[in-house]
There are 2 protein chains.
Amino acid sequence: MTPERPLRVLLADDEHLIRGALAALLALEEDLVVVAEAASGPEALAMALAHRPDVAVLDLQMPGADGVKVATSLRAELPDCRTMIVTSHGRPGHLKRALAAGVRGFVPKTVSARRLAEIIRTVHAGNRYVDPELAADAISAGDSPLTAREAEVLELAADGAPVAEIAERASLSQGTVRNYLSSAASKIGAENRHTAVRLARERGWV
Amino acid sequence: MTPERPLRVLLADDEHLIRGALAALLALEEDLVVVAEAASGPEALAMALAHRPDVAVLDLQMPGADGVKVATSLRAELPDCRTMIVTSHGRPGHLKRALAAGVRGFVPKTVSARRLAEIIRTVHAGNRYVDPELAADAISAGDSPLTAREAEVLELAADGAPVAEIAERASLSQGTVRNYLSSAASKIGAENRHTAVRLARERGWV
DNA sequence: GCCACCCCATGACGTTTGTCATGAGCAGTG
DNA sequence: CACTGCTCATGACAAACGTCATGGGGTGGC
């Protein structure tokens with residue numbers, strides 16, 4: 001069971017402070033070695049292709065491309081590389097997106113470094129790990145009751161744009177937009193579209 | 001100039017991963033010693049009172065009370081303790097609030113640990129340090145053009161509440177609320193109150 | 001082939017907003 | 001004291017929004 005070959009890890013996080021500190025802590029684990037670091041999505045991808053790590057530990061929010069996008073690309077271009085997401089704000093939607101992208105581990109940054117190391121090993125062994133708290137949130141949030149168009153229109157309404165603008169951007173008539181907005185809001189149980197957007201965001205439906 | 005007594009640091013961050021990693025990295029600096037760690041605002045305050053650090057390094061977003069609130073309390077209860085804020089999302093408003101609270105250092109988490117150590121020393125020496133990028137943002141954002149009431153009403157509008165509800169919560173007539181909302185939006189240059197809220201948030205005016 | 005469900009649209013209706021004019025009371029400033 | 005600026009209010013009008021009924025076209029299941 002003792003690994004003859006160390007477990008090669010890629011670390012991607014745009015916050016230098018955290019990335020560096022994390023690298024230092026993971027280096028204390030004898031069976032782990034950080035072979036590459038990246039500060040952005042594209043950089044993470046490039047580094048992964050260059051260094052072929054066993055596990056890629058990706059921050060969710062990075063400039064260029066977020067963790068899930070990187071994981072998706074990685075799955076296509078480097079299928080042997082397991083991916084996992086580490087994040088500060090664990091919202092249900094992110095978790096769903098991540099799992100759909102083939103991510104095998106999803107943990108909040110509130111775990112300890114030792115625990116993270118364990119999870120890296122778990123993921124490398126082919127198992128999955130999802131933070132229990134986050135999993136519970138995702139389950140309680142349930143599946144989105146919104147249809148594809150409802151979600152799309154709601155997303156376009158996110159920055160407070162008027163109906164006319166949404167209609168133009170979605171290539172729909174204004175009446176249709178209002179219908180979708182109305183039904184989306186009633187499904188969510190919101191008084192108006194703005195609170196609907198907020199709630200849908202929280203539940204990961206957009 | 002060589003410190004006979006090591007510089008005592010308090011570390012407060014709700015993300016265990018980061019806090020632990022940071023503590024490990026700062027421990028590598030010979031003249032620094034992390035005397036206490038905290039994972040929430042109230043805990044940070046309690047730890048500070050118990051261990052009387054020279055410098056308190058506070059994360060901006062923590063459960064219970066954010067970094068700036070802790071800094072304010074600390075200023076009152078432990079005037080000799082210098083405070084500094086470390087944050088992921090450096091928005092102009094936060095910086096302003098922090099400086100007003102007597103915080104002497106404000107840095108994003110994109111700096112390296114070595115750099116952070118330097119800044120801790122700078123702050124301890126009685127100087128101030130503000131990340132140049134953040135400072136530039138804050139200056140370009142300018143001062144808030146909003147009156148007290150305008151800002152208050154705008155804040156109540158933040159979660160998408162209808163005018164009637166805002167009026168009730170602010171104990172104002174609906175007409176007055178609409179007037180304030182209207183003038184606030186026009187000062188900010190927004191089409192409606194929702195984008196006004198968003199922009200005001202970004203610029204730190206609410 | 002019927003039925004359910006989504007997509008898209010239109011028209012109509014009442015409500016909510018945004019905007020403007022106007023004015024009173026009340027600071028602080030020159 | 002005159003002046004300026006903030007606060008709060010009212011009334012009125014146009015525009016934007018939310019809601020409902022209705023209908024045609026499409027896809028998938030039973």
Side-chain angles (χ1 to χ4, degrees), chain A residues 93 96-97 100 141-206, chain B residues 93 96-97 100 141-206:
Chain A
K96 268 180 215 172
R97 277 207 310 141
D143 268 355
S144 172
L146 304 177
T147 68
R149 275 289 185 279
E150 282 166 357
E152 186 190 334
V153 169
L154 204 54
E155 200 154 20
L156 287 171
D159 55 354
V163 171
E165 195 180 319
I166 300 173
E168 196 182 2
R169 289 214 267 171
S171 299
L172 291 174
S173 87
Q174 299 196 13
T176 304
V177 168
R178 284 193 296 178
N179 287 339
Y180 282 153
L181 247 23
S182 179
S183 72
S186 86
K187 279 180 183 175
I188 291 176
E191 294 267 314
N192 56 50
R193 59 176 147 151
H194 302 287
T195 66
V197 165
R198 197 165 47 79
L199 292 174
R201 276 263 163 80
E202 282 171 15
R203 296 174 199 174
W205 294 342
V206 292
Chain B
K96 268 181 215 170
R97 276 205 312 139
D143 268 354
S144 173
L146 304 177
T147 68
R149 274 290 183 278
E150 283 165 356
E152 186 190 333
V153 169
L154 205 54
E155 200 153 21
L156 288 171
D159 55 354
V163 170
E165 195 180 317
I166 300 173
E168 195 183 1
R169 289 213 267 171
S171 299
L172 290 174
S173 86
Q174 299 196 13
T176 305
V177 169
R178 286 190 292 171
N179 287 339
Y180 282 154
L181 247 23
S182 180
S183 73
S186 86
K187 279 179 182 174
I188 291 175
E191 293 268 313
N192 56 51
R193 57 177 151 149
H194 302 288
T195 66
V197 166
R198 197 165 47 78
L199 291 174
R201 277 264 164 79
E202 283 172 15
R203 296 175 198 173
W205 294 342
V206 291

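Remember, predicted model here, so these are calculated numbers, not experimental data. In what follows, every chain begins at residue 1, and chains take the letters A, B, ... in the order their sequences are listed.
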With sugar-phosphate meaning primed atoms plus P, OP1 and OP2, does [X] contact a base, only sugar-phosphate, or nothing at under 4.0 Å between heavy atoms?
{"X": "B/Ala148", "answer": "sugar-phosphate"}
{"X": "B/Thr147", "answer": "sugar-phosphate"}
{"X": "A/Arg178", "answer": "base"}
{"X": "B/Ala164", "answer": "nothing"}

Atom pair distance, as rounded to whole Å: [atom1] in [X] and [atom2] in [N]:
{"X": "B/Tyr180", "N": "D/dC8", "atom1": "OH", "atom2": "C1'", "answer": "5 Å"}
{"X": "A/Glu168", "N": "D/dA16", "atom1": "CD", "atom2": "P", "answer": "14 Å"}
{"X": "A/Gln174", "N": "D/dA16", "atom1": "CD", "atom2": "C1'", "answer": "9 Å"}

Surrounding CZ of A/Arg198 (heavy atoms of other residues, nucleotides or ligands, distance under 6.0 Å), is the total greater than 12?
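More than 12 within 6.0 Å, yes.
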With DNA chain D as reference, determine whether B/Ser171 or A/Ala190 sits nearer its 5' end, using the nearest nucleotide of each.
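First, find each residue's nearest nucleotide; the 5'-ward one identifies B/Ser171.
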Which residue, A/Leu181 or B/Arg149, contacts DNA chain D at a nucleotide closer to its 5' end, judged by nearest heavy atom?
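First, find each residue's nearest nucleotide; the 5'-ward one identifies B/Arg149.
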Scan B/Arg201, B/Arg169, B/Arg193 and name whichever one has a salt bridge (charged side-chain N to carboxylate O under 4.0 Å, His left out) with B/Asp159.
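Among B/Arg201, B/Arg169, B/Arg193, the one that satisfies the salt bridge (charged side-chain N to carboxylate O under 4.0 Å, His left out) with B/Asp159 is B/Arg169.
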Heavy-atom closest pair, residues B/Gly160 and A/His194:
CA-CB, 4.1 Å
Selection from C/dC8, C/dT17, C/dT10 that lies nearest to any side-chain heavy atom of B/Arg193
C/dT17
Closer than 3.5 angstrom, by distance alone: can the side chain of A/Asn192 be matched with the main-chain N or O of A/Thr195 as a donor-acceptor pair?
yes
Side chain B/Asn179 and base C/dC20 donor-acceptor under 3.5 Å:
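Indeed, a donor on one side and an acceptor on the other fall under 3.5 Å apart.
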Are any of A/Thr176's side-chain N or O atoms less than 4.0 Å away from OP1 or OP2 of C/dA9?
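Yes, within the criterion.
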